[in-house]
Amino acid sequence: MNRVDFGPGGINPPHSHPRASEIGIVIEGKILSGIVTTKNVYYGKVVTAGQVFAVPRGLVHFELNLGQTKAFFFTAFNSHLPGSTVLPLSLFAAAPSIPMEVLTKTYLVDEDAINAMKSKFVF
């Protein structure tokens, strides 16, 4: 289980859990829970205190605090090793870097745009 706390506007960025499904219950606040299916269809739902959301194994998903105050929720997984792949980190902070050509063709942008994104993820 995890407790996830957000300030106003806080986000749990797009990520997936390759080895587990996830269920969450909002304790306080108003959260947008979004998933993207394997057919690239987006589904989003605003979830408030006392409501639950579920994420099937391996699907890309995120949570965003829509409220003006703090929010928190608990999540649980059906595996003790769910794994986590945070997409922005995996794509733009990878070391060694993913070849520039792969990123420019994937996102249909030039190298300057990719370099601008990469600069945000320097640790």
OG1 of T75 to CD of E63, rounded to nearest 0.5 Å, is 7.5 Å
Donor-acceptor pair, distance only, cut-off 3.5 Å: does the side chain of T37 make one with the backbone of K39? yes
Is there a path of hydrophobic side-chain contacts, each under 4.5 Å between heavy atoms of I/L/V/M/F/W/Y residues, joining L59 to F73? yes
Pairs flagged by side chain to side chain donor-acceptor pair (under 3.5 Å) wherever residues 78-88 is involved - sequence neighbours left out: none
Same cluster (ILVMFWY, side-chain, under 4.5 Å), M1 and I25: yes
Between T48 and Q51: side-chain donor-acceptor atoms closer than 3.5 Å: yes
Verify, without hydrogens or angle tests, whether S21 (side chain) and R57 (backbone) share a donor-acceptor contact under 3.5 angstrom. yes
Test your reading of the model: is there a side-chain donor-acceptor pair from N115 to the backbone of S119, 3.5 Å cut-off? no
Is the number of heavy atoms from other residues, nucleotides or ligands within 6.0 Å of OH (Y43) greater than 12? no
Among the clusters formed by ILVMFWY side chains lying less than 4.5 Å apart, do V52 and L66 turn up in the same one? no
Determine which pairs satisfy side chain to side chain donor-acceptor pair (under 3.5 Å) with at least one residue from residues 23-33, sequence neighbours left out, and list them in order. none
Determine the interplanar angle of the H17 and F77 rings, folded into 0 to 90°, and report it as parallel if under 30°, tilted if 30 to 60°, perpendicular if over 60°. perpendicular
Can you tell me if H61 uses its side chain to pair, donor with acceptor, with the backbone of H15 under 3.5 Å? yes
Atom pair CG (N2) and CD (E22), whose distance is rounded to the nearest 0.5 Å: 7.5 Å
Is V26 reachable from F72 through a run of I, L, V, M, F, W or Y residues, each pair having side-chain heavy atoms under 4.5 Å apart? no
Which pair of non-hydrogen atoms, one from S90 and one from I98, has the smallest distance, and what is that distance? O-CD1, 3.8 Å
State the CG-CG distance between N65 and N12, to the nearest 0.5 angstrom. 12.0 Å
Check the angle between the aromatic planes of F92 and F121 and answer parallel, tilted or perpendicular using the 30° and 60° thresholds. parallel
Nearest non-hydrogen partners of A71 and I31, listed with the distance: CB-CD1, 3.7 Å
Are side-chain heavy atoms of I23 and F53 found at a separation under 4.5 Å? no
side-chain contact (heavy atoms from CB on, under 4.5 Å) evaluation trace for V41 with V36: CA-CA 5 Å; V41 176; V36 179; over 6 Å; no
Write down the atom of I27, the atom of F74, and the distance for their closest heavy-atom approach. CG1-CD1, 3.5 Å
To the nearest 0.5 Å, atom NZ of K118 lies from atom CG of L91 at 10.0 Å
Check the hydrophobic clustering (I, L, V, M, F, W, Y; side-chain heavy atoms under 4.5 Å; chains of links allowed) and say if L64 and L89 are grouped together. no
Could you tell me whether the side chain of V60 reaches within less than 4.5 Å of the side chain of L87, counting heavy atoms only? yes
Checking side-chain contact (heavy atoms from CB on, under 4.5 Å) for the pair L32/F62: CA distance, chi angles, key distance, verdict? CA-CA 8 Å; L32 171 61; F62 66 87; 4.0 Å; yes
Rounding to 0.5 Å, atoms CD1 (I114) and NZ (K105) come to a distance of 13.0 Å
